[in-house]
Structure formats: C-alpha cells, structure tokens
Amino acid sequence: MKEFELSFENKHLRIWFVVMIPALILTILLFIFLPSELQYLPIWIPIITISFYWGWVIIKEKQNKTND
C-alpha cells in the first residue's frame, strides 16, 4: 500500500483543500441564507465536489500507471 504524505507538498492534498474549502463555505452560506423549503439543495454541493475530486484522482492514477 502506498504511503500518504500529509503535507502541502502533496499535490492531492493541496487540490483537496483548494476545492473543498470553498465548496464547504458555499454550502454553509446557502444553508444560512436559503429559505427552509430549499435547505436540501446545499447538501449536493459537497457530494458533487467530492465525486469530481475522486474521479480526478482515479483518472490521474490510471494515467500514471500507463506512463510508468
């Protein structure tokens, strides 16, 4: 199993923070300012963001395996 480095030199970790922090801030703001009948909509933002992030990770790892 590959070791995971928890530092900002790790490209995956940097992109995770760059993508997820704004998504979480947007989600919190929408929860605060949307009317109560639309409170279910902001939960889709982190779900979609995480899905795109992991899709990107899987594609990058497949590309790295074919390049090796």
Side-chain angles (χ1 to χ4, degrees):
M1 185 173 160
K2 258 180 24 178
E3 188 176 313
F4 184 78
E5 182 183 346
L6 190 60
S7 73
F8 280 105
E9 293 175 7
N10 185 343
K11 182 179 180 181
H12 293 290
L13 186 66
R14 278 187 307 204
I15 292 177
W16 173 261
F17 278 105
V18 166
V19 170
M20 287 307 296
I21 298 297
L24 292 175
I25 291 171
L26 179 62
T27 301
I28 291 168
L29 289 175
L30 287 175
F31 268 126
I32 292 170
F33 292 114
L34 281 177
S36 60
E37 61 270 4
L38 296 175
Q39 290 287 316
Y40 67 91
L41 289 176
I43 196 63
W44 287 103
I45 295 171
I47 292 171
I48 292 169
T49 306
I50 291 170
S51 299
F52 277 115
Y53 171 77
W54 282 109
W56 174 80
V57 168
I58 291 169
I59 289 170
K60 286 301 245 184
E61 292 207 1
K62 284 184 180 179
Q63 286 177 350
N64 287 342
K65 284 183 182 178
T66 58
N67 291 339
D68 288 342

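What's counted below: heavy atoms across the whole structure, side chains too, no hydrogens, waters or symmetry copies. For reference, positions follow the sequence shown, starting with 1.
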TODO: Just jot down the side chain to side chain contact (heavy atoms under 4.5 Å, CB included) partners of Lys11, sequence neighbours excluded, or say none.
DONE: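 Arg14, Ile15, Trp56, Lys60.
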Q. For Phe17, which residues count as a ring pair (Phe, Tyr, Trp, His ring centres under 6.0 Å) partner, sequence neighbours excluded?
A.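 Once residues adjacent in sequence are excluded, the partners of Phe17 under the ring pair (Phe, Tyr, Trp, His ring centres under 6.0 Å) criterion are Phe8.
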Restricting to ring pair (Phe, Tyr, Trp, His ring centres under 6.0 Å), what partner residues turn up for Trp54, sequence neighbours left out?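 Expected list: none.
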Distance-only donor-acceptor hits, side chain of residues 24-52, under 3.5 Å, sequence neighbours excluded:
residue : atom : partner : partner atom : Å
Thr27   : OG1  : Ala23   : O            : 2.8
Gln39   : NE2  : Phe31   : O            : 2.9
Gln39   : NE2  : Leu34   : O            : 2.8
Thr49   : OG1  : Ile45   : O            : 2.6
Ser51   : OG   : Ile47   : O            : 2.8

Apart from Ile59 itself, residues in the same hydrophobic cluster as defined by side-chain heavy atoms under 4.5 Å =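 Hydrophobic cluster check, Ile59: no partners found.
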